[in-house]
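Letters go in sequence order (proteins before strands), and every chain restarts at 1. Please read these numbers as outputs of a predicted model, since none were measured by experiment.
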Amino acid sequence: MLRLHDTLSGRTVAFEPRDEGRVSMYVCGPTVYDVPHLGHARTAVVFDVVRRYLAWSGFDVAFVSNVTDIDDNIIRRAAKENSTEQEVARRYEQLYWDELDRLGVLRPNRSPHATEYVDDMIRMIDELVRAGHAYVVEGSGVYFAVDSFPRYGELSHRKVADLLESAGGRVEVDEEKRSPVDFALWKAAKPGEPTWESPWGTGRPGWHIECAAMSLDLLGERFDIHGGGNDLVFPHHENERAEAEATGRRFARYWVHSGMLNVGGQKMSKSLGNFTTLADALDSYDPRALRLAILQTHYRKAVELGADELAAAEKAGHGLDNMLRAAEVAGVDHKGAEPVDEFVDAFRDAMDDDFGTPEALGAVFEASREANKALGEGDTQRAASLVATVVELAGVLGVEVRSGLGEGDDAIDAKVVARNEARASRDFARADDIRDELAAQGIVLEDTPHGTVWRRT
RNA sequence: GGCGGCGUAGCCGAGUGGCUCAGGCAAGGGUCUGCAAAACCCUGGACGUGGGUUCAAUUCCCACCGCCGCCUCCA
């Protein structure tokens with residue numbers, strides 16, 4: 001039985017899907033105005049694993065993740081690059097998907113764009129205005145009236161009074177808004193900005209309304225899980241929820257938020273400018289290392305992902321590869337072998353407890369060690385089951401274990417034969433020369449009980 | 001100021017009122033190997049500080065110190 005931490009209730013609760021056997025989840029995606037960084041990777045990997053685990057657990061998962069393709073940052077960027085908003089958004093969105101692909105993050109079933117949903121948003125805003133939850137300020141836009149929605153603040157556990165108190169100094173006081181905590185549903189057109197027609201004049205939608213419109217359209221009321229980085233809890237998700245529920249619709253049932261990625265103890269973010277781009281990280285490390293490094297920390301906690309952590313995770317991942325290679329070399333066929341319950345159960349228990357990936361990974365590594373042991377003892381049957389366990393469970397976490405066993409290269413094979421002839425005649429100097437020569441080409445030899453094999457570093 | 005979180009061995013990082021216990025990386029010692037590679041075995045060292053509750057606290061309570069997040073665009 002899966003339990004997960006729900007931001008709204010502030011508790012870890014039993015998960016019961018809206019529709020038996022099916023899970024609907026919506027995860028807030030990026031605003032595409034700059035290159036993706038490591039922080040995006042964390043959120044993407046976390047929810048990718050949630051999705052994979054739910055699917056592995058037998059649920060039919062509908063996974064929707066949006067792309068915000070119109071907002072202030074994109075407009076600013078387009079102006080700076082002397083380009084168009086569409087062009088900026090298109091370019092950075094492509095980069096985003098490309099790099100998530102490299103990370104092994106499964107593509108969403110649907111990835112709606114804000115600009116495709118303007119009509120829906122307008123309808124929703126119109127409903128809010130009619131219901132008295134929103135008001136029009138001529139020449140400025142349409143605003144959500146926070147005081148019309150008493151449950152405002154429930155999700156982020158804030159009191160409107162407290163917000164008002166801090167709002168004075170922090171939120172730009174807009175004379176046109178009735179209250180500093182009110183927020184824009186529709187922004188009136190400014191010169192040079194992309195605009196859409198609306199009952200309130202030309203303009204563009206505010207940010208939060210897009211997710212409310214898209215999630216409800218694609219997943220329906222009371223969809224199961226709404227996710228995102230925990231920096232979105234307030235105001236984004238609070239506002240989304242207010243908008244959706246003020247129309248009388250029932251919104252998300254469980255709210256799941258992932259922690260931030262820190263660098264030097266501080267949150268990695270665009271605005272702080274302290275980010276490592278995803279591309280750089282992926283060029284420097286095995287993408288699986290990023291995944292492992294991310295999953296070795298519980299998803300709700302801040303994680304520090306520096307060079308040391310990534311290097312350590314990379315080695316850990318290669319350890320799994322080494323195990324699989326040893327199994328293949330020994331002729332162990334894990335395909336079709338039954339995973340070992342002991343480890344599968346431990347894995348499931350860990351994951352069922354609010355996606356405890358660090359502990360789940362522990363089970364994977366232990367199974368890997370046991371597999372190596374079984375291989376060493378020549379117990380191929382047990383080895384096959386253990387290898388199957390590792391491959392299966394790592395797979396649930398999105399980590400593909402690869403043996404890396406080199407084959408089908410005549411030139412290398414010839415050298416291996418030559419080296420083994422030298423070894424047989426105890427000409428170790430020559431044997432080592434050959435090995436060094438291959439090493440210089442990035443080929444590592446391993447002399448196993450089943451013969452000499454090679455792999456690329 | 002309001003709300004929330006964190007502080008665990010060299011590093012990252014789980015977890016628990018008492019049981020040999022995470023796990024990964026690193027270090028030292030061993031086994032295997034001609035030497036390596038890979039693997040396995042063993043070892044060291046932990047729970048921010050001060051109180052309290054308890055037969056027993058790293059785990060519960062209080063205080064303190066330190067760090068971080070949200071309160072503004074942000075994954």
Side-chain angles (χ1 to χ4, degrees), chain A residues 7 10 27-31 33-34 36-47 71-73 76 153 156-159 161-163 165-167 169-172 181 207 227-236 238 257-262 265-272 292-293 296-298 300-306 308-319 321-323 325-326 329 346 350 353 356-366 368-373 375-377 423 426-429 431-432 435-436 439 444-449 452-455:
Chain A
T7 306
V27 177
C28 281
T31 301
Y33 70 97
D34 202 351
H37 61 66
L38 234 33
H40 294 106
R42 186 191 194 184
T43 301
V45 165
V46 163
F47 288 101
D71 94 315
D72 292 347
N73 287 309
R76 213 172 298 135
S156 55
H157 303 282
R158 265 153 236 245
K159 296 188 183 81
D162 292 339
L163 290 171
E165 203 171 307
S166 60
R170 312 207 50 152
V171 175
E172 200 178 320
V181 293
W207 175 34
N230 72 191
D231 54 348
L232 296 183
V233 175
F234 189 92
H236 185 52
E238 188 70 60
H257 290 100
S258 57
M260 293 292 101
L261 192 144
N262 284 180
Q266 283 199 310
K267 175 183 166 183
M268 176 176 288
S269 80
K270 296 260 177 74
S271 46
L272 287 175
L292 287 170
Q296 287 196 70
T297 300
H298 186 84
R300 284 196 282 123
K301 226 176 140 182
V303 60
E304 187 87 22
L305 267 203
D308 292 349
E309 289 73 33
L310 290 172
E314 190 166 66
K315 285 189 183 167
H318 289 164
D321 292 346
N322 294 339
M323 182 280 300
R325 185 172 59 257
V329 169
D353 184 10
T357 56
E359 221 184 322
L361 269 174
V364 173
F365 286 116
E366 282 178 51
S368 179
R369 186 173 61 242
E370 288 301 313
N372 277 319
K373 243 191 274 191
L375 287 168
E377 290 161 4
R423 290 172 71 210
R426 306 197 63 79
D427 183 356
F428 296 122
D432 290 350
R435 186 168 64 198
D436 291 347
V444 178
L445 298 186
E446 295 181 1
D447 296 322
T448 79
T452 300
V453 299
W454 61 272
R455 67 186 153 99

How far does the [atom1] atom of [N] sit from the matching atom of [M], given to the nearest Å?
N: B/rG50; M: B/rA57; atom1: C1'; answer: 15 Å
N: B/rG44; M: B/rA14; atom1: P; answer: 24 Å
N: B/rC64; M: B/rG2; atom1: P; answer: 13 Å
N: B/rC55; M: B/rC71; atom1: P; answer: 47 Å
N: B/rU16; M: B/rG7; atom1: P; answer: 13 Å
N: B/rC65; M: B/rA56; atom1: C1'; answer: 27 Å
N: B/rG28; M: B/rG52; atom1: P; answer: 43 Å
N: B/rU20; M: B/rC42; atom1: P; answer: 16 Å

- A/Asp308 near the nucleic acid: base, sugar-phosphate alone, or nothing, with a heavy-atom cut-off under 4.0 Å? nothing
- Task: Look at all strands and tell whether A/Val233 reaches a base, only sugar-phosphate, or nothing, counting heavy atoms closer than 4.0 Å.
- Result: nothing
- Message: I'd like to know if the side chain of A/Asn372 pairs up with that of A/Arg369 as donor and acceptor (distance under 3.5 Å, no hydrogens or angles considered).
- Response: no
- 5'-most contact on RNA chain B: A/Pro30 or A/Ala313, nearest heavy atom basis? A/Ala313
- Message: Return whichever of A/Lys301 or A/Thr448 has its heavy-atom-nearest nucleotide of RNA chain B closer to the 5' end.
- Response: A/Lys301
Starting at atom [atom1] of [X], determine the distance to atom [atom2] of [N], rounded to an integer number of angstrom.
X: A/Glu370; N: B/rA39; atom1: CD; atom2: P; result: 15 Å
X: A/Phe234; N: B/rC70; atom1: CZ; atom2: P; result: 13 Å
X: A/Phe365; N: B/rA39; atom1: CZ; atom2: P; result: 12 Å
X: A/Glu165; N: B/rC70; atom1: CD; atom2: C1'; result: 16 Å
X: A/Asp432; N: B/rA37; atom1: CG; atom2: P; result: 12 Å

Quick one: is [N] close enough that its OP1 or OP2 comes under 4.0 Å of any side-chain N or O from [X]?
X: A/Lys267; N: B/rA75; result: no
X: A/Asn372; N: B/rC40; result: yes
X: A/Asn322; N: B/rA39; result: yes

Tell whether [X] reaches the base of [N] with its side chain through a donor-acceptor pair below 3.5 angstrom.
X: A/Asp231; N: B/rC73; value: no
X: A/Arg42; N: B/rA75; value: no
X: A/Arg423; N: B/rG34; value: yes
X: A/Arg369; N: B/rC40; value: no

- Task: Map every base of RNA chain B to its dot-bracket character, where paired means a Watson-Crick or G-U wobble contact with both distances under 3.5 Å and | marks a partner outside the strand.
- Result: (((((((..(((.....[....))).(((((.......)))))....(((((..]....))))))))))))....
- Hey, are A/Asp321 and A/Arg455 close enough for a salt bridge, meaning a charged N less than 4.0 Å from a carboxylate O? no
- Electrostatic pair A/Arg325:A/Glu446 at N-O distance under 4.0 angstrom: yes
- Among B/rA22, B/rA75, B/rC25, the one nearest any side-chain atom of A/Pro358 is B/rA22
- Go through B/rC25, B/rG15, B/rG34 for me and flag the one nearest to the A/Lys315 side chain. B/rC25
- Is A/Phe428 stacked on the base of B/rG34 when the test is centres under 5.5 angstrom and planes under 30 degrees? yes
- Task: Report the distance from atom CD of A/Glu377 to atom CD of A/Glu370, rounding to the nearest 0.5 Å.
- Result: 8.5 Å
